[in-house]
Participant: 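Have a look at the structure that comes next, please.
Please read these numbers as outputs of a predicted model, since none were measured by experiment.
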Amino acid sequence: PFEGVAWTPRPPQAPHQGCFTCIAKPPALRQGSPVLSPSSAVYLMESKSCKGDSLRPAVPCKHSVEKKTMTNPTTVIEIYPDTTEVNDYYLWSIFNFVYLNFCCLGFIALAYSLKVRDKKLLNDLNGAVEDAKTARLFNITSSALATFCIILIFIFLRYPLTDY
């Protein structure tokens, strides 16, 4: 059964390399493996084609593997922020542009809303948030001033200046 396999004596145990946790807890013996007494002078034999031990499996230190992957990453995954949460106020800007375009503020709000959509497509989250704030400001200003003007027109229509 062992034809063609070259057997060599195993060299004396070298000191373990790895972290203290792995050195302090040696790997458990396999089920059914023979137990050798410390006084026996028999070398453990291993095959040249096999790097593992016949009694203990060759387990690398998991802690040193974790350190290596933490300091030298091999795979980089870019995670883009979720740009769907940035509101572009597009419909409000169109309404202000068509109906309440006080001093072209609705047009400016619409322009900033379109800039927000473009920056969301380019994954520029910070620029999209800043332009969304500006579009909201112009929409609020346009809506408030246009509503104030409409209320003033209704007041002057109800109570003309000739009555004063």
Side-chain angles (χ1 to χ4, degrees), residues 13-33 46-164:
Q13 286 265 340
H16 288 286
Q17 291 184 358
C19 64
F20 179 74
T21 307
C22 293
I23 295 171
K25 297 179 183 177
L29 295 175
R30 290 186 188 171
Q31 292 284 337
S33 62
E46 69 181 21
S47 170
K48 286 184 177 179
S49 62
C50 178
K51 293 186 180 181
D53 191 357
S54 61
L55 293 178
R56 294 183 180 168
V59 179
C61 175
K62 65 180 180 179
H63 302 98
S64 64
V65 171
E66 289 173 3
K67 290 176 185 174
K68 185 187 293 183
T69 57
M70 294 298 286
T71 58
N72 188 10
T74 57
T75 304
V76 177
I77 300 173
E78 294 184 19
I79 300 174
Y80 294 108
D82 189 19
T83 58
T84 58
E85 296 178 3
V86 179
N87 195 356
D88 56 4
Y89 306 107
Y90 186 67
L91 293 176
W92 189 12
S93 299
I94 288 178
F95 179 79
N96 281 339
F97 177 64
V98 173
Y99 296 109
L100 307 175
N101 197 8
F102 183 80
C103 294
C104 294
L105 291 176
F107 176 73
I108 297 171
L110 181 63
Y112 275 102
S113 295
L114 293 174
K115 283 178 69 175
V116 170
R117 286 193 170 193
D118 291 341
K119 288 187 179 181
K120 281 170 56 175
L121 287 176
L122 296 174
N123 290 321
D124 181 13
L125 185 62
N126 293 332
V129 168
E130 292 299 319
D131 287 342
K133 287 179 184 178
T134 307
R136 185 181 63 205
L137 176 72
F138 279 113
N139 278 324
I140 290 171
T141 307
S142 177
S143 298
L145 290 175
T147 305
F148 180 71
C149 288
I150 291 172
I151 290 173
L152 281 179
I153 289 172
F154 280 130
I155 289 174
F156 283 123
L157 286 177
R158 175 76 172 112
Y159 304 106
L161 288 176
T162 58
D163 291 344
Y164 297 111

Participant: If I compare all heavy atoms of Tyr89 with all of Ala132, which pair ends up nearest, and what's the gap?
Facilitator: CE1-O, 3.4 Å

Participant: Quick one: sort the Tyr112 and Phe138 rings into parallel, tilted or perpendicular, breaks at 30° and 60°.
Facilitator: parallel

Participant: Can you see which heavy atom on Val116 is nearest to which on Asn87, and at what distance?
Facilitator: CG1-O, 4.3 Å

Participant: Can you tell me how far apart CG (Asp131) and NZ (Lys120) are? Round to the nearest 0.5 Å.
Facilitator: 12.0 Å

Participant: From Tyr159 OH over to Ile155 CD1, what is the distance, rounded to the nearest 0.5 angstrom?
Facilitator: 8.5 Å

Participant: Return the minimal non-hydrogen interatomic distance between Asn101 and Phe107, and the atom names on each side.
Facilitator: OD1-N, 3.5 Å

Participant: Closest heavy-atom contact between Asp124 and Gly127?
Facilitator: OD1-N, 3.3 Å

Participant: In Å and rounded to the nearest 0.5 Å, what is the CD1 to CZ distance from Ile108 to Phe97?
Facilitator: 11.0 Å

Participant: Which donor-acceptor pairs under 3.5 Å do side chains of residues 139-147 form with protein atoms, sequence neighbours excluded?
Facilitator:
{"from": "Asn139", "atom 1": "OD1", "to": "Ser93", "atom 2": "OG", "distance (Å)": "3.4"}
{"from": "Asn139", "atom 1": "OD1", "to": "Asn96", "atom 2": "ND2", "distance (Å)": "2.9"}
{"from": "Asn139", "atom 1": "ND2", "to": "Ser93", "atom 2": "OG", "distance (Å)": "3.0"}
{"from": "Asn139", "atom 1": "ND2", "to": "Ala135", "atom 2": "O", "distance (Å)": "3.2"}
{"from": "Thr141", "atom 1": "OG1", "to": "Leu137", "atom 2": "O", "distance (Å)": "2.8"}
{"from": "Ser142", "atom 1": "OG", "to": "Leu100", "atom 2": "O", "distance (Å)": "2.8"}
{"from": "Ser143", "atom 1": "OG", "to": "Trp92", "atom 2": "NE1", "distance (Å)": "3.2"}
{"from": "Ser143", "atom 1": "OG", "to": "Asn96", "atom 2": "OD1", "distance (Å)": "3.0"}
{"from": "Ser143", "atom 1": "OG", "to": "Asn96", "atom 2": "ND2", "distance (Å)": "3.3"}
{"from": "Ser143", "atom 1": "OG", "to": "Asn139", "atom 2": "O", "distance (Å)": "2.9"}
{"from": "Thr147", "atom 1": "OG1", "to": "Ser143", "atom 2": "O", "distance (Å)": "2.6"}

